[in-house]
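Numbers here are sequence positions counted from 1.
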Amino acid sequence: MAVVRTRTVTLIATTGRVIEVEADVGHGQARFHLIGLPDTHLPEIQDRVRAATINSSLPWPKKRTTVSLYPASLPKRGTHLDLSIAVAILAATGVIPAARIAATFFLGELGLDGRIIPIRGVLPAVLGAAATGDAEVVVPTANASEAALVPGVQVVPVDDLQQLVTWLRDDRQQLPPIPASVAPPSGTEVDLADIAGQAQARKALEISAAGGHHLLMIGPNGSGTTMLAERLPALLPDLDPQDAYEVTALHSIAGTLPPHPPLMTRPPFISAHHTASPAAIFGGGRTVARPGVCSLAHRGILYLDEAPELPRSVLDGLRQPLDAGQVTIARSAGTLTFPARFILVLAATPCPCSAPASIEHSCQCSTAVRRRYLARLSGALGDRIAITVALTPPRSQNVAARRERRENSRAVAERVLHARRRAAQRLAATPWRTNAEIPASALHSDFRLPDAALKPIAASADRGALSARGADQILRIAWTLADLTGKPAPDHDDVAAALALHHGDDVRT
């Protein structure tokens with residue numbers, strides 16, 4: 001029998017790379033050889049493929065069987081290669097027509113009984129297949145709705161190997177329909193109107209959403225930091241189509257993609273505990289590197305509560321995604337890069353004892369202890385936090401404010417959307433989307449403000465209370481304040497207000 005070829009896709013970070021699978025069944029001792037730089041776990045494919053084939057009442061070759069994965073220089077990982085290898089071997093033994101599988105992509109893991117099991121990363125894999133032109137892709141039925149998100153691709157859902165072989169012999173055979181995406185039942189959505197008082201924090205959320213600025217909230221337990229952070233996603237606009245595909249692909253690889261609907265059109269909100277490991281935050285894995293919460297929060301919000309309690313390795317490691325918008329994972333087998341451009345929201349108590357805000361004078365921490373505790377967030381990371389806000393403990397006037405009519409998330413989101421559109425129009429000829437992404441070089445050249453508007457920054461710098469990176473953060477906030485009020489450029493008042501937002505009335509000192 002001549003050499004038979006078919007195709008599949010392997011993932012390198014979030015990019016699907018086409019793999020050509022060749023199978024040859026010839027004379028010699030009955031052995032199975034898998035070549036082409038397979039992962040250490042891929043030799044297990046032989047046992048899965050053989051059991052699935054035999055248990056599907058299909059013949060298994062009793063000759064020398066060689067399967068090659070091309071290009072050989074590209075590492076291959078994952079059990080989704082099972083289906084393509086099984087189909088290639090069956091075609092090499094004459095069970096199915098070799099010409100029928102030459103242009104088709106096969107993705108799926110095989111169970112020992114012949115079932116085709118759902119896999120992770122279907123969306124980026126199908127995107128890689130679609131890059132070759134109009135493609136026909138066979139996927140597990142449970143992954144079909146996700147694969148169907150890619151335009152120009154014919155998706156073939158299959159349940160088991162026997163059903164697939166029957167269809168390949170006669171493509172008139174009826175296959176299961178692609179499951180329709182059904183929106184989940186709408187639950188109770190959180191709203192900014194639920195927050196009583198905290199006017200300064202509410203305004204900080206609006207500015208953060210409008211400009212994409214990182215935010216630090218400092219307040220005693222019970223002051224509402226988590227409630228405020230959870231309401232920030234509602235202020236952000238919907239993801240554009242390109243971002244929606246990118247975010248969905250990341251969650252598909254991580255196995256956290258919601259089943260209905262599969263396409264994520266809203267910015268994600270990811271909350272991580274302060275005991276999370278660096279691998280959980282930034283990504284990693286023993287064999288297959290998975291994206292961490294930094295990448296899962298891409299184009300959304302990453303919320304870290306009890307930020308001073310985070311390990312130093314995590315606090316220092318946050319600098320790379322905050323600066324570059326991506327996370328690079330280095331392994332002996334190679335280097336992978338995942339996108340990670342998000343709004344970072346940190347929450348901290350003003351002292352280690354975390355005294356509840358409802359108990360007056362309960363904190364016994366000295367001023368030096370408080371300063372050392374919050375100093376864990378200072379330095380390089382602190383300069384990358386644009387806005388700092390102090391939350392006030394709940395008071396009687398806040399309880400009374402519950403009876404007042406407060407602005408809801410929809411009204412604030414409308415202002416945020418208009419501000420982002422103004423920024424997008426100003427940045428249309430640049431690679432940046434929000435004010436937070438504008439680099440220092442452009443702030444001091446293309447978007448330089450007159451000296452009169454910069455006087456608050458100059459005065460603060462003369463007192464030694466401001467670093468160069470902090471001054472750039474203030475300029476970015478000032479542009480956002482101008483966008484929210486419809487001004488063509490920030491003035492002296494906007495810069496002064498941005499300076500106060502950055503320092504947070506010196507709450508960290």
Side-chain angles (χ1 to χ4, degrees), residues 4 6-11 16 19 21 23 25 30-34 38-62 65 67 69 76-93 95-96 100-101 104-126 129 136-148 155-169 173-179 252-257 259-260 262 285-288 290:
V4 173
T6 188
R7 296 186 292 178
T8 186
V9 180
T10 192
L11 293 179
I19 299 296
V21 181
V25 177
R31 294 184 62 185
F32 182 90
H33 297 274
L34 182 63
D39 184 40
T40 55
H41 291 81
L42 287 189
E44 299 174 359
I45 287 180
Q46 174 189 358
D47 297 326
R48 287 198 302 271
V49 171
R50 179 172 54 206
T53 302
I54 295 174
N55 292 330
S56 299
S57 301
L58 298 169
W60 179 258
K62 296 181 180 180
T65 303
V67 175
L69 307 176
K76 291 89 179 174
R77 301 181 180 90
T79 56
H80 64 281
L81 301 173
D82 290 4
L83 189 59
S84 60
I85 292 174
V87 168
I89 293 174
L90 290 171
T93 56
V95 176
I96 54 180
R100 184 67 181 83
I101 66 171
T104 304
F105 291 86
F106 295 89
L107 301 169
E109 177 183 345
L110 284 174
L112 298 183
D113 57 354
R115 290 177 299 117
I116 300 179
I117 302 171
I119 58 174
R120 295 180 178 184
V122 166
L123 178 60
V126 176
E136 181 180 67
V137 183
V138 175
V139 299
T141 300
N143 295 128
S145 58
E146 180 183 346
V155 178
V156 180
V158 288
D159 293 317
D160 54 63
L161 187 59
Q162 179 63 60
Q163 180 190 43
L164 174 60
V165 169
T166 302
W167 177 74
L168 289 172
R169 287 172 171 170
Q173 178 74 19
Q174 190 71 25
L175 286 171
I178 297 175
S252 176
I253 294 170
T256 59
L257 185 64
H260 303 295
R286 291 185 178 180
T287 55
V288 180
R290 304 288 185 193

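For the pair V137 and V9, the minimum side-chain heavy-atom distance is 4.5 Å or more. With a 4.5 Å cut-off on side-chain heavy atoms, V126 and F105 do not count as touching. Using a 4.5 Å cut-off on side-chain heavy atoms (C-beta onward), L69 and V21 make contact. Under the 4.5 Å side-chain criterion, counting only non-hydrogen atoms from C-beta, V95 is in contact with V165. Looking at I253 and R120, their side chains never come closer than 4.5 Å, going by heavy atoms from C-beta outward. A heavy-atom distance below 4.5 Å is not found between the side chains of T6 and I85. Taking 4.5 Å as the limit, some side-chain heavy atom of F32 sits within range of a side-chain heavy atom of V67.
Across every non-hydrogen atom of P118 and A142, the tightest pair is CG-CB, 3.4 Å. Smallest separation of non-hydrogen atoms from S56 and G114: OG-CA, 3.5 Å. Nearest heavy atoms, V25 versus P61: CG1-CB, 3.8 Å. Considering all non-hydrogen atoms of both residues, A91 and V4 come closest at CB-CG1, 3.5 Å. Across every non-hydrogen atom of V155 and A144, the tightest pair is CG1-O, 4.0 Å.
A distance of 8.0 Å separates CD1 of I19 from NE2 of H80, quoted to the nearest 0.5 Å. To the nearest 0.5 Å, atom CD1 of residue I117 and atom CG of residue N143 are 11.0 Å apart. If you take OG1 on T141 and CD on Q163, they are separated by 6.5 Å, rounding to the nearest 0.5 Å. T65 OG1 to H33 NE2: the interatomic distance, rounded to the nearest 0.5 Å, is 8.5 Å. In this structure, the separation between CD on E146 and CG on L257 is 5.0 Å, given to the nearest 0.5 Å. The CH2 atom of W60 sits 4.0 Å away from the CD1 atom of I89 when rounded to the nearest 0.5 Å.
Not one N or O on the side chain of E136 forms a donor-acceptor pair closer than 3.5 Å with the backbone of T104.
Among V158, T166, D159, L164, the single residue meeting the side-chain contact (heavy atoms from CB on, under 4.5 Å) criterion with Q162 is T166. Each of E44, Q46, R50 was compared with R48 under the side-chain contact (heavy atoms from CB on, under 4.5 Å) criterion, and only E44 meets it. Just one of V49, L58, D82 meets the side-chain contact (heavy atoms from CB on, under 4.5 Å) condition when paired with L161; it is L58.
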Could you pull out all donor-acceptor pairs under 3.5 Å where a side-chain atom in residues 106-113 meets a protein atom, sequence neighbours excluded?
unit_1, atom_1, unit_2, atom_2, d
E109, OE1, T79, OG1, 2.9
D113, OD1, R115, N, 3.2
D113, OD1, R115, NE, 3.1
D113, OD2, R115, NE, 2.9

